[in-house]
2 protein chains.
Amino acid sequence: MKRTGFSEADCPVARALDAIGDWWSLLIVRDAFDGLRRFGDFQKNLGIAKGMLSTRLRKLVELDVLELVPASDGSAYQEYALTRRGHDLFPVIVGLRQWGEAHLYARGEAHSDLVDQAGQPVGQLVLPSRTGRPLTWSETKVRKVGARKR
Amino acid sequence: MKRTGFSEADCPVARALDAIGDWWSLLIVRDAFDGLRRFGDFQKNLGIAKGMLSTRLRKLVELDVLELVPASDGSAYQEYALTRRGHDLFPVIVGLRQWGEAHLYARGEAHSDLVDQAGQPVGQLVLPSRTGRPLTWSETKVRKVGARKR
DNA sequence: TTGTCTAGTCTTATTTTAGAACCAGATTGG
DNA sequence: CCAATCTGGTTCTAAAATAAGACTAGACAA
């Protein structure tokens with residue numbers, strides 16, 4: 001009865017969720033985008049149990065989403081920094097943010113907001129076709145590739 | 001030791017993950033985008049335990065991500081269809097897909113692929129500024145709004 | 001009307017999570 | 001330089017979630 005895994009799936013969505021689709025990983029990554037880098041910062045900000053955080057950080061480092069770097073304040077401690085692969089999760093976080101913002105808040109309810117450097121709200125995520133025209137769901141399809149039998 | 005919840009969070013990412021951030025919900029939604037509508041179809045395709053699926057579907061209906069509609073084949077059964085709110089999850093699924101595709105497959109390894117109606121691969125998700133210029137992570141910031149104390 | 005299919009529910013064993021206690025090494029205050 | 005405290009964990013236990021299978025009621029098909 002081990003938790004079902006999808007690390008071998010043909011579908012990249014399944015594989016992505018297998019890697020980072022648990023309760024905490026994306027929240028840790030979100031905090032990393034917000035500039036948090038130290039164990040204690042994540043722990044305080046998320047209210048997560050230290051054991052959980054320890055396990056999750058280790059997995060994110062294994063996955064090469066985060067990496068351990070020497071502390072930026074010169075102390076002997078280490079910090080967790082987003083890697084290239086971690087930075088590439090930005091659209092996922094933004095997608096969740098925009099969906100949550102649109103559907104999970106009552107009118108007028110306070111929430112944090114993503115803005116550009118001038119403080120202007122950003123637009124909605126766009127999926128461009130190869131020619132650059134924005135695509136909606138109904139204009140796309142998933143091409144099944146030969147499922148490798150194992 | 002109840003599982004930690006974020007349904008009251010000020011951060012839309014946290015609230016979104018609270019709603020749909022468990023192991024199964026986004027995979028069910030992905031399958032719904034792929035056209036699956038019946039309990040048995042989800043169950044067979046995901047290999048999920050029926051009890052889990054039942055619980056998840058009920059929650060997704062409560063959240064108004066899916067809705068129960070009469071079966072399209074005229075039988076007395078019901079089907080699960082994506083709502084507007086469910087369709088709005090498309091960018092999240094695409095974001096996960098593109099990240100997984102980019103980072104979780106060996107060179108040449110088979111995986112399913114998102115294409116437009118002409119069969120052309122789609123582009124990468126883009127976050128436009130208000131003026132339409134594409135933004136990267138480092139050009140954005142999260143504006144904290146007054147955290148409601150409760 | 002008997003048998004099969006659909007869409008579940010219920011039960012149980014196992015795994016995961018939350019929370020607290022504990023600990024070693026780094027840092028700070030005196 | 002020494003003691004107290006901070007940081008970044010590990011370990012333990014109880015509660016909750018999950019997986020897997022047995023079971024069931026109503027639809028459907030022959």
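Keep in mind that this is a model prediction, so the values were computed, not measured. Numbered from 1 within each chain, the chains take letters A, B, ... in sequence-line order.
With rounding to the nearest 0.5 Å, the separation of CD in B:Gln98 from CG in B:Leu125 is 4.5 Å. The distance from atom CG of A:Leu96 to atom CG of B:Leu17, rounded to the nearest 0.5 Å, is 5.0 Å.
Computed from coordinates, the A:Arg37 CZ to D:dG8 C1' distance equals 16 Å when rounded to whole Å. At whole-Å resolution of the value, CE in A:Met52 and C1' in D:dA15 are 14 Å apart. In this structure, the CG atom of A:Asp41 is 15 Å from the C1' atom of D:dG9, given to the nearest Å. Distance, A:Leu53 CG to D:dT10 P: 10 Å, rounded to whole Å. Rounded to whole Å, the distance from CZ on A:Phe42 to P on D:dT7 is 15 Å. In this entry the distance linking CG of B:Asp18 with P of D:dA17 reads 12 Å, nearest Å. Nucleotide C:dA24 holds its C1' atom 14 Å from the CZ atom of A:Phe39, rounded to whole Å. Atom pair A:Glu79:CD and D:dG8:C1' shows a separation of 13 Å (rounding to whole Å applied).
A salt bridge is absent between A:Glu67 and A:Arg85; no separation between the charged side-chain nitrogens and carboxylate oxygens falls under 4.0 Å. Taking a cutoff of 4.0 Å between a charged side-chain nitrogen and a carboxylate oxygen, B:Asp88 and B:Arg84 qualify as a salt bridge.
If you check residues 20-32 of chain B against DNA chain C, you find no residue with a heavy atom closer than 4.0 Å. Near-neighbour residues of DNA chain C inside residues 54-66 of chain A, defined by a heavy atom below 4.0 Å, number-ordered: A:Arg56.
A:Trp23 meets the ring-ring contact (aromatic ring centres under 6.0 Å, His included) test with no other residue; sequence neighbours excluded. Scanning for salt bridge (charged side-chain N to carboxylate O under 4.0 Å, His left out) contacts around A:Arg38 gives A:Asp73, A:Glu79, with sequence neighbours left out.
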Begin with the C-alpha distance, continue with both residues' side-chain angles, and end with the deciding distance and a verdict on salt bridge (charged side-chain N to carboxylate O under 4.0 Å, His left out) for A:Arg15 and B:Glu101.
CA-CA 9 Å; A:Arg15 241 185 235 201; B:Glu101 217 170 307; over 6 Å; no
Let me see the working for B:Arg56 and B:Asp22 under salt bridge (charged side-chain N to carboxylate O under 4.0 Å, His left out), right down to the final yes or no.
CA-CA 9 Å; B:Arg56 288 292 176 265; B:Asp22 62 89; 2.7 Å; yes
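Cluster annotation: A:Val142 is connected to B:Trp99 through the hydrophobic network of ILVMFWY side chains, with a link wherever side-chain heavy atoms come within less than 4.5 Å. Hydrophobic cluster membership is shared by A:Leu27 and A:Val61, with clusters built from Ile, Leu, Val, Met, Phe, Trp and Tyr side chains linked at under 4.5 angstrom. Under a hydrophobic clustering in which Ile, Leu, Val, Met, Phe, Trp and Tyr are joined whenever their side-chain heavy atoms come within less than 4.5 Å, directly or via other members, B:Leu53 and B:Leu36 fall into the same cluster.
Shown here for A:Asp18 and A:Lys59, the closest heavy-atom pair between the two residues is O-NZ, 3.4 Å.
Within the nucleic acid shown, A:Tyr80 comes within 4.0 Å of sugar-phosphate atoms alone, with no base atom in reach, counting heavy atoms only.
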Readout for nucleotides 25-30 of chain D: B = base within 4.0 Å of protein heavy atom, S = sugar-phosphate only, - = neither; 5' to 3' it is -BSS--
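Here the two rings, on A:Trp24 and B:Phe6, have centers that are under 6.0 Å apart. For A:Phe33 and A:Phe90, the gap between ring centers is short of 6.0 Å.
Position along DNA chain C of the nearest nucleotide to B:Arg38 versus A:Lys50 favours B:Arg38 as the more 5'-ward residue.
With the end axes of the helix from C:dT1-D:dA30 to C:dG30-D:dC1 each set by five pairs, the angle from one to the other reads 30° at 10° resolution.
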